[in-house]
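Following: one structure in structure tokens, then a few remarks.
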Amino acid sequence: GLLVGSVLLPVDPLRLVRKGTGPVIDGLAAALDRIAKAVEERDEAEADRAVEAVGRLRPEHDELEDSIAAAADAARLSLGRREALVELGKLSELARHLRLGIADARSLARGVGRAIATEDSTPPEVRTAIVELADATRALKRVLEDGDARPAREAAVRAAGYANGVLEETGNMSALHIVGQVPLIAV
């Protein structure tokens, strides 16, 4: 049945995967925005909401990984779609990085909540670094659209730069934990 379906009704495997990638990217960027807001407003409840928002991304990401597997199967079975396997490999790598980014964003949100709860100070550059991470995440959609990774890379480098500046500025353990997560997500 799968073989007949792939011949009679071929599915564009790349379209399936790109459709599933957008909501994960949007959700991660929104969660990072929420984390930045929690830092700026010193709002522990907002940090908790960010932890929950990141947690809700896991099932969406699992669906994305399932769609990549299904798309790869469809591409292998359809003679006209086999060239998509190379692009699907790149999208699979992006999905792997998104999975890591989701886990690191959850840790970041928890660290922000802990810093607020313990009344540890966070330099303003912490918020700026997180905003740059959100921008880098949003720029991943451009990579999907036209393959241009430059804007995402530039925003990620700026985020890491702000984080490194905070490392030089403070010995506060909460701030160090928070900025330690920034380069992990930026990668």
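Starting from 1, each residue takes its place in the sequence as its number.
Separation of atoms CD (Glu93) and CZ (Arg96) is listed at 4.0 Å; rounding is to 0.5 Å. Going from atom CD1 of Ile25 over to atom CD of Glu60 covers 11.5 Å, rounded to the nearest 0.5 Å. The line from CD1 of Ile102 to CZ of Arg56 is 12.5 Å long, rounded to the nearest 0.5 Å. One finds the CZ atom of Arg106 at 12.5 Å from the CG atom of Asp104 (value rounded to the nearest 0.5 Å). Here OG of Ser67 is found 10.0 Å from NZ of Lys19. Values are rounded to the nearest 0.5 Å. Taking CD from Glu63 and CZ from Arg58, the interatomic distance works out to 12.5 Å, rounded to the nearest 0.5 Å.
Taking both residues in full, the closest heavy atoms of Val143 and Ala149 are given as CG2-CA, 3.5 Å, listed atom of the first, atom of the second, then distance. Among all heavy-atom pairs drawn from Arg142 and Pro151, the shortest one is NH1-CG, 3.4 Å. Between Ala29 and Thr137, the shortest heavy-atom contact is N-CG2, 3.8 Å. Considering all non-hydrogen atoms of both residues, Val112 and Ala47 come closest at CG1-CB, 4.1 Å. Contact detail for Gly101 and Leu28: the closest heavy-atom pair is O-CD1, 4.0 Å. For Ile68 against Ala95, the heavy-atom pair with the smallest separation is CD1-CB, 3.6 Å.
Put simply, Val131 and Leu133 are part of two different groups of oily side chains (I, L, V, M, F, W, Y) that touch within less than 4.5 Å, one to the next. Leu94 and Val24 fall within the same hydrophobic cluster, defined by Ile, Leu, Val, Met, Phe, Trp and Tyr side-chain heavy atoms under 4.5 Å apart, directly or through other members. No continuous path of ILVMFWY side-chain contacts below 4.5 Å connects Ile130 to Tyr162, so the two sit in separate hydrophobic clusters.
Taking the side chain as every heavy atom from C-beta outward, Leu91 and Leu144 approach each other to under 4.5 Å. The shortest side-chain heavy-atom distance between Lys37 and Asp43 does not fall under the 4.5 Å cut-off. Between Thr21 and Leu140 the shortest side-chain heavy-atom distance does not fall below 4.5 Å. With a 4.5 Å cut-off on side-chain heavy atoms, Arg18 and Glu145 do not count as touching. Between Ile178 and Leu108 there is a side-chain heavy-atom pair separated by less than 4.5 Å.
A side-chain donor-acceptor contact under 3.5 Å links Thr122 and Arg42.
Judged as a salt bridge (Lys or Arg N to Asp or Glu O under 4.0 Å), not a single pair has a partner in residues 108-122 (not counting sequence neighbours).
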Could you check Glu46 against Arg49 for salt bridge (Lys or Arg N to Asp or Glu O under 4.0 Å), going step by step and ending with a plain yes or no?
CA-CA 5 Å; Glu46 186 67 23; Arg49 287 188 289 275; 2.7 Å; yes
With side-chain contact (heavy atoms from CB on, under 4.5 Å) as the criterion, how do Asp26 and Lys141 come out once you've worked through the C-alpha distance, each side chain's angles and the decisive distance to 0.1 Å?
CA-CA 9 Å; Asp26 291 342; Lys141 288 182 101 168; 3.0 Å; yes
Checking salt bridge (Lys or Arg N to Asp or Glu O under 4.0 Å) for the pair Arg138/Asp33: CA distance, chi angles, key distance, verdict?
CA-CA 11 Å; Arg138 272 187 283 281; Asp33 286 336; 2.9 Å; yes
